[in-house]
Each structure stands twice: as structure tokens, then as C-alpha cells.
Amino acid sequence: RGITSHSRKTMICSLSGQPAQEPVATKNGDIYEKRLITKHIEAHGVDPITNEPLGVTDLVVLKVSNPNGVKPRQVAQSSIPGLLQTFQNEWDALMLETFTLKKQLDTTREELSHVLYQSDASCRVIARLIKERDTLQKELEQVRLAVGRAGSNMDIENALPGLDAEARNKITVKSQELSAQRKERKVSAQLATEEQLKGWKQASSHPPHKASTPGVLCVDIHPSKQDLTITGGVDKSAVVFNRSTGKKEATLVGHTKKVTSALFHPTSDIYLTGSGDNTVRVWGQDGKQHNNNFIVHNDEVVGLSLHSTNEYVVSASKDRTWAFHNIETGKTLLQVTEPDESPLTCVMLHPDGLILATGTEDNLIRIWDLKSQKNVATFRGHKDVINSVRFSENGYYLATSARDNFIKLWDLRGPKNSHSLRLETQVVSLDYDYSGKYLAAATGSEIRIFSGKNLDHITTLDGHTEQVTGIKFGNDAQFLASSSMDRMLKIWG
């Protein structure tokens, strides 16, 4: 018996979602509009639902109305029935394409979800392997350092020549000579007054190092050629800069890591640099390396200090040792290990040249007798890593700073902590002017200048945009040079 008109409306085409006018069914029971499924079979030859092979002959026609009814003949597209048929065909093609695109979209979504899951799992595995690699590298480095201290460093003090009679005599004579001169020396009439310092402004600003690796880590001024400055940078080079001409005199390229310390030699046309590559290098005025470089440290060189005889230089390193080198011969005379085996952070020789001070990561300042290499005094009081140590030129005071934000003055005649001053941020670098009257402190992006035993504040120089890393007074405190992580060398005066 034929299906009623009402029942026919319930036969929905699986492709178009519309009631089928000429419904047909597959063996799976899926119902389609005959013209739509026929076009699909001609194009693809498969069941659109199951993707199984399907032919037109496999379709079962469902009789839903009187088969004797005669349909009107189609006329050309100029007639309304013809246009309607054209629209119907286009609609059918659109339904088929939409159905195909939906299936492709679902398939693509599943594939993308699988790929994303695999990518996420791979990233987690890679992150775990990188972490394990870094941990193993650190452990290996610690083993190397331990072996170095237990092996080579155990014998290094005996292996090095030490201070011979000639060197001891030079050091002693020079100390006596400077001590006698200091008693007779008067304050220079050209020394800048506090009022002049209060009026200081930025005189010039220069970017001596590469912009690709920003950061200037240290600065020094030539003792006699005051227009010359030398800076060490994160870019692994040191630059000699003439502030009067605004030009570079030399670029020292050879270190393989950042340059942490750079010094002028006061009487010879040579430069001294220390680096994160564990070496101390000597350079000529032409910017070429001398043969007498010093390679005795096993970790980053954190500081250099020139001896008052101008023949020797001291280096301090994170390998827990300080070393004493002969600049002319290129030989290391001494290498002394820190008693508590704490990495050193800074170093400075006393103006007389008989003692030196070192700062450590375990908050201590140690005073060493150069001739005996003994730790003759230890200053405790800071609560964090020591950043800087500076002797005053009169030889009586030592200024220190640490990450605990304190500046401390130590009276070496006591010895005792004579004054302490806390700032808002840590002081990375300190410098006394030659008279010992003024003390400059690099704190944050500022430079503060203090006076006297009580560290009375005189002025604040604010112009850098990043951490100030190094400061150096010019002769008679007529100007000051500063370096910073903002890539700038600035002159104040």
C-alpha cells in the first residue's frame, strides 16, 4: 500500500536534511533524495555515510505516491519552471559540497587534535631532557672544580715561584716610600669643593660597546691622560675611548666571555683586562694581545688591582683564589685559596701595597698580608654577598658594599666598623677620589656621592636607565665616569 502524503514528509534526506521528493534507500536503511544520491554516486561511487561502495542499482526506490501521475515537461530556462529546476540543481550541488566539506572538517579536526597532543608530549619530553642536561652539566662542573682544587690547586702554591727576595724588597721599599710621602702630602688646591659637586650634571654620554649585547660592566680613567677611559662589556671586548674627541682609540677583542675588569697601566702603554673566560690578558696600545697573559684561574675573574710598584697585578676569581702576577715577565708568582673555599667577588690592593682586601660570596671581607699570604684580619657585618671593596688613599679606611644594601666603613687602625649606611638598593660599585674625601656609590640607576667619616650625602647623579656597574673619579674629583647595563658610558662634571 502506498505511503500517505503525511508519512512522506517524515522521510528526510540524509544529505540535504530536507523531506525527500523521490526517496530512495540503501541496504543500510539510509534515505536520500534520488537526484542527490545519484549525483554523489556518479562523482564518488561510495555511500556518503559509510564510505562503502555503492551503485545506482543498489538503491531501493520507495513508493510514496501515485506512480501514474504525469509530471509537467521542463521548458527552457526562460520559463519559471526552467529557472526553478536550475536553482534546484545548484542547491543540490551545494548540499553535496557542504556535506563533503563537513566530513573533511571533522577529519581535519581529529588529525589536528592528534598532532597537538603529540607536540605537547614532545615539548614535555624535550623540557625534561634539557633540565636533566643542565643538571648534569652543573654536577660535572662542580666535579671539575673539586678535582682542580684537590689536584692542581693543592700543589699550585708550591709549584709557583712565590715572592723572591727582589720582589719582597721592591714591595717593602715602595710601601715605605709611599708612607713617607703621604705624611707630607697636602690636599690639592684643585680639589673640587662640595658646592661644585652639588652642581654636577651629565657632561656627555657615549655607547662604546655593541648594541646587540648591551651592558658595560666596568670603567677606568687613565691616571695622567684624563681624556682616556677604558670599559669592559658583556660583548666580550674592552674599548679605549677618548672623551675629548668622542672617538675610540682601541677595541680589545680576544676574550671569549664578558670582560669584568679593565685597567690602564699608569706608566706603560698597556691595558689589563679580566674576563668571565677565566683569563687575565695584557694588551698593547695597538689593541693586540701580549704573550704574557695569565691563565691560572678555573672560573670567572671578578676583579683586578694594580700594585703601587706598577710591576704587579692581583686577580681574584670565583674559583676561590686570588693570584699575584708579574706584568713584565708574564709569570704568576702566587695563587692563594680562600680559607672557607667561598667564591671571591672583588679585590683591591692597599695603596701602600703590603696588604690586600677580598670580598666573598659568604659575606666576609678578608685582609691578607701580601708577603706572607696570610689572612691577618676578617671583617664580619654584612649579611649578603660582598659587591665592592675600596681603600681610601690615606690608607686608614676601607669602604665595602654588599647585596644587603649597606655601605660600611672600616677603620684599619682598630680594626673596627666605624660607620654603616643603608640605602634603598644594593651598592654594586664604590670609588674614593684620590684625596679620600669623597666616596661615590653606584646604587640602582643612580650614583650617590658622600663625604667624610659619617658618609654625609652631597649629591645624586641620575641619568642612567639601568643598573650602574662601575664608577671612577677623575683627578682632584673634577669629574666622574660611570658605566651601566644601559650600554652607556657617562661623564659627569
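Since the structure is predicted, the reported quantities are computational estimates derived from the model, not experimental observations.
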Would you name the heavy atoms of Asp431 and Arg390 that are closest together and state the gap between them?
OD1-NE, 3.9 Å
Does the side chain to side chain contact (heavy atoms under 4.5 Å, CB included) test come out yes or no for Ile407 and Leu423, once each step is laid out?
CA-CA 8 Å; Ile407 299 175; Leu423 302 183; 4.0 Å; yes
So, is the end of the Lys102 side chain (NZ or CZ) under 6.0 Å from the ring centre of Phe99 and within 45° of the ring's axis?
no
Within the distance-only criterion (no hydrogens, no angle test), does the side chain of Lys103 pair as donor or acceptor with the backbone N or O of Pro48 below 3.5 angstrom?
yes
Salt bridge present between Glu446 and Arg448 (N-O < 4.0 angstrom):
yes
Is there a side-chain contact between Arg35 and Asp92, using heavy atoms and a 4.5 Å cut-off?
yes
Flag yes if more than 12 heavy atoms outside Glu132 fall under 6.0 Å of its CD atom; otherwise flag no.
yes
Quick one, Leu364 and Arg380 - any side-chain contact, counting heavy atoms below 4.5 Å?
yes
So that I know where these two stand, are Phe241 and His206 an aromatic pair - ring centroids less than 6.0 Å apart?
yes
Quick check against the 3.5 Å criterion: does Asn405 have a side-chain atom that pairs as donor or acceptor with the backbone of Gln426?
yes
For a quick test of reading the model, state the closest non-hydrogen atom pair linking Ser388 to Leu430 and the distance between them.
OG-N, 3.2 Å
Test side chain to side chain contact (heavy atoms under 4.5 Å, CB included) applied to Met11 and Leu62, step by step
CA-CA 10 Å; Met11 293 187 180; Leu62 301 178; 3.9 Å; yes
Minimum-distance pair of heavy atoms, taken over all atoms of Asp299 and Asn278:
C-OD1, 2.9 Å
Return yes if some donor-acceptor pair links the side-chain N/O of Asn475 with the main-chain N/O of Pro223 below 3.5 Å, else return no.
yes
Could you list the residues that satisfy ring-ring contact (aromatic ring centres under 6.0 Å, His included) with Tyr32, not counting sequence neighbours?
none
Report the distance from atom OG of Ser261 to atom CD of Glu300, rounding to the nearest 0.5 Å.
11.0 Å
Distance-only, no hydrogens or angles: does the Thr213 side chain make a donor-acceptor pair with backbone N or O of Val234 under 3.5 Å?
no
Does a side chain donor of either Ser315 or His297 reach within less than 3.5 Å of an acceptor in the other side chain?
yes
In sequence, state the C-alpha distance, the side-chain angles, and the governing distance for Thr273 and Trp283, and then conclude on side-chain hydrogen bond (donor to acceptor under 3.5 Å, both in side chains).
CA-CA 8 Å; Thr273 58; Trp283 311 76; 2.8 Å; yes
Go through the steps for Gln335 and Asp319 under the test side chain to side chain contact (heavy atoms under 4.5 Å, CB included), then give the verdict.
CA-CA 11 Å; Gln335 189 170 15; Asp319 69 359; 3.8 Å; yes
Is any side-chain heavy atom of Leu36 closer than 4.5 Å to a side-chain heavy atom of Ser16?
yes
For Thr400 and His382, run side-chain hydrogen bond (donor to acceptor under 3.5 Å, both in side chains): C-alpha distance rounded to whole Å, both residues' side-chain angles, the deciding distance at 0.1 Å, then the answer.
CA-CA 9 Å; Thr400 63; His382 284 291; 2.8 Å; yes
Of Val259, Leu217, Asp220, Val216, which is the lone residue that meets side chain to side chain contact (heavy atoms under 4.5 Å, CB included) with Thr231?
Val216
Lys198 and Glu195: salt bridge (charged side-chain N to carboxylate O under 4.0 Å, His left out), yes or no, with the steps?
CA-CA 5 Å; Lys198 290 179 180 179; Glu195 289 301 317; 3.6 Å; yes
Looking at Gly359, is its backbone amide N or carbonyl O close enough to the side chain of Thr345 to form a donor-acceptor pair, meaning the two atoms are under 3.5 Å apart?
yes
Of all heavy-atom pairs linking Val219 and Ile471, the shortest is CG1-N, 3.8 Å
Can you list every salt bridge (Lys or Arg N to Asp or Glu O under 4.0 Å) pair that touches residues 203-219, not counting sequence neighbours?
none
Any side-chain heavy-atom pair of Leu228 and Ile221 under 4.5 Å:
no
If I compare all heavy atoms of Leu59 with all of Thr26, which pair ends up nearest, and what's the gap?
CD2-CG2, 4.1 Å
Check: Tyr432 ring centre within less than 6.0 Å of Tyr438 ring centre
no
Is Thr332 reaching over with its side chain to a backbone N or O of His325, donor-acceptor style, under 3.5 angstrom?
no
Distance-only check: which donor-acceptor pairs under 3.5 Å involve side-chain atoms of residues 481-493, not counting sequence neighbours?
{"unit_1": "Ser482", "atom_1": "OG", "unit_2": "His464", "atom_2": "NE2", "d": "2.7"}
{"unit_1": "Ser482", "atom_1": "OG", "unit_2": "Trp492", "atom_2": "NE1", "d": "2.9"}
{"unit_1": "Ser483", "atom_1": "OG", "unit_2": "Thr469", "atom_2": "OG1", "d": "3.0"}
{"unit_1": "Ser483", "atom_1": "OG", "unit_2": "Gly470", "atom_2": "N", "d": "3.1"}
{"unit_1": "Ser484", "atom_1": "OG", "unit_2": "Glu466", "atom_2": "O", "d": "3.2"}
{"unit_1": "Ser484", "atom_1": "OG", "unit_2": "Gln467", "atom_2": "O", "d": "3.0"}
{"unit_1": "Ser484", "atom_1": "OG", "unit_2": "Asp486", "atom_2": "N", "d": "3.1"}
{"unit_1": "Ser484", "atom_1": "OG", "unit_2": "Asp486", "atom_2": "OD1", "d": "3.1"}
{"unit_1": "Asp486", "atom_1": "OD1", "unit_2": "His464", "atom_2": "ND1", "d": "3.4"}
{"unit_1": "Asp486", "atom_1": "OD1", "unit_2": "Met488", "atom_2": "N", "d": "2.9"}
{"unit_1": "Asp486", "atom_1": "OD2", "unit_2": "His464", "atom_2": "ND1", "d": "3.0"}
{"unit_1": "Asp486", "atom_1": "OD2", "unit_2": "Thr465", "atom_2": "N", "d": "3.0"}
{"unit_1": "Arg487", "atom_1": "NH1", "unit_2": "His209", "atom_2": "O", "d": "3.4"}
{"unit_1": "Lys490", "atom_1": "NZ", "unit_2": "Gln202", "atom_2": "OE1", "d": "3.1"}
{"unit_1": "Lys490", "atom_1": "NZ", "unit_2": "Ser205", "atom_2": "OG", "d": "3.0"}

Between Gln285 and Ile270, is there a donor-acceptor pair closer than 3.5 Å when you use the side chain of the first and the backbone of the second?
no
Show your working on side chain to side chain contact (heavy atoms under 4.5 Å, CB included) between Val347 and Leu304 and close with a plain yes or no.
CA-CA 7 Å; Val347 65; Leu304 299 177; 5.9 Å; no
Listing, residues 110-122 side-chain donor-acceptor contacts under 3.5 Å, not counting sequence neighbours, or none:
{"unit_1": "His114", "atom_1": "NE2", "unit_2": "Gln118", "atom_2": "NE2", "d": "3.2"}
{"unit_1": "Asp120", "atom_1": "OD2", "unit_2": "Arg124", "atom_2": "NH1", "d": "2.1"}
{"unit_1": "Ser122", "atom_1": "OG", "unit_2": "Gln118", "atom_2": "O", "d": "2.9"}

So Phe450 and His457, would you call those rings parallel, tilted or perpendicular, with 30° and 60° as cut-offs?
perpendicular
Scan for salt bridge (Lys or Arg N to Asp or Glu O under 4.0 Å) pairs involving residues 274-292, sequence neighbours excluded, and state none if there are none.
Asp277-Arg281
Is there side-chain contact between Glu338 and Thr360, with at least one heavy-atom pair below 4.5 Å?
yes
Is it true that a side-chain atom of Gln478 and a backbone atom of Gly474 form a donor plus acceptor pair closer than 3.5 Å?
no
Can you say whether the rings of Phe264 and Tyr271 are parallel (under 30°), tilted (30 to 60°) or perpendicular (over 60°)?
perpendicular
Atom of Glu194, atom of Ser451 and distance for their closest heavy-atom approach:
OE2-OG, 3.2 Å
Going from OG on Ser342 to CG on Asp340, what distance comes out if it is rounded to the nearest 0.5 angstrom?
7.5 Å
Listing request: all ring pair (Phe, Tyr, Trp, His ring centres under 6.0 Å) pairs with a residue in residues 39-61, at least two apart in sequence or in separate chains.
His40-His44
Apply the test side-chain hydrogen bond (donor to acceptor under 3.5 Å, both in side chains) to residues Thr443 and Thr425: give CA-CA distance (whole Å), side-chain angles for both, the deciding distance (0.1 Å), then the verdict.
CA-CA 6 Å; Thr443 174; Thr425 57; 2.6 Å; yes
For the backbone of Lys258 and the side chain of Ser275, can you confirm whether one donor and one acceptor N or O come within less than 3.5 Å of each other?
yes
